[in-house]
Amino acid sequence: TVIKSTTSTAYGNYVMIDHGGGYSTLYAHASSLAVTQGQTVTKGQTIAYVGNTGDSFGAHLHFEVILNGTLKNPMSYFS
């Protein structure tokens, strides 16, 4: 479930998704957003488009994994 689909000075355009079980993910610096707050999304669905908004130096995807409010190393979730 999308819990934020908004913009900020630092992150620019960003989306935050609640995955349940205390997990959420954040995707930032998007050129534009493809989802709205409260929307249910599915694996593989486009949620945003890579960009260079906010405090950013070139187009890229900023990705965070958050567990119970604590940032985690995203590489721990890739095999």
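We use all heavy atoms of the structure for the numbers below, so side chains are in, but hydrogens, waters and symmetry mates are not.
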His62 side-chain N/O to His60 backbone N/O, donor-acceptor pair under 3.5 Å = no
Could you list who else is in [X]'s hydrophobic cluster, with ILVMFWY side chains joined at under 4.5 Å, directly or through other members?
| X | answer |
| --- | --- |
| Phe57 | none |
| Leu71 | Ile3, Tyr11, Tyr14, Met16, Leu26, Ile66 |
| Tyr49 | none |

Not counting sequence neighbours, which residues clear side-chain contact (heavy atoms from CB on, under 4.5 Å) with [X]? List them please.
| X | result |
| --- | --- |
| Asn73 | Met75, Ser76 |
| His19 | Ile17, Tyr23, Thr25, Tyr27 |
| Val35 | Val2, Ser5, Val15, Gln39, Val41, Gln45, Ile47 |

Checking Thr53, Leu33, Asn13 against Thr7 for side-chain contact (heavy atoms from CB on, under 4.5 Å), the one that qualifies is Asn13
Asn52 meets the side chain to side chain donor-acceptor pair (under 3.5 Å) criterion, sequence neighbours left out, with Ser56
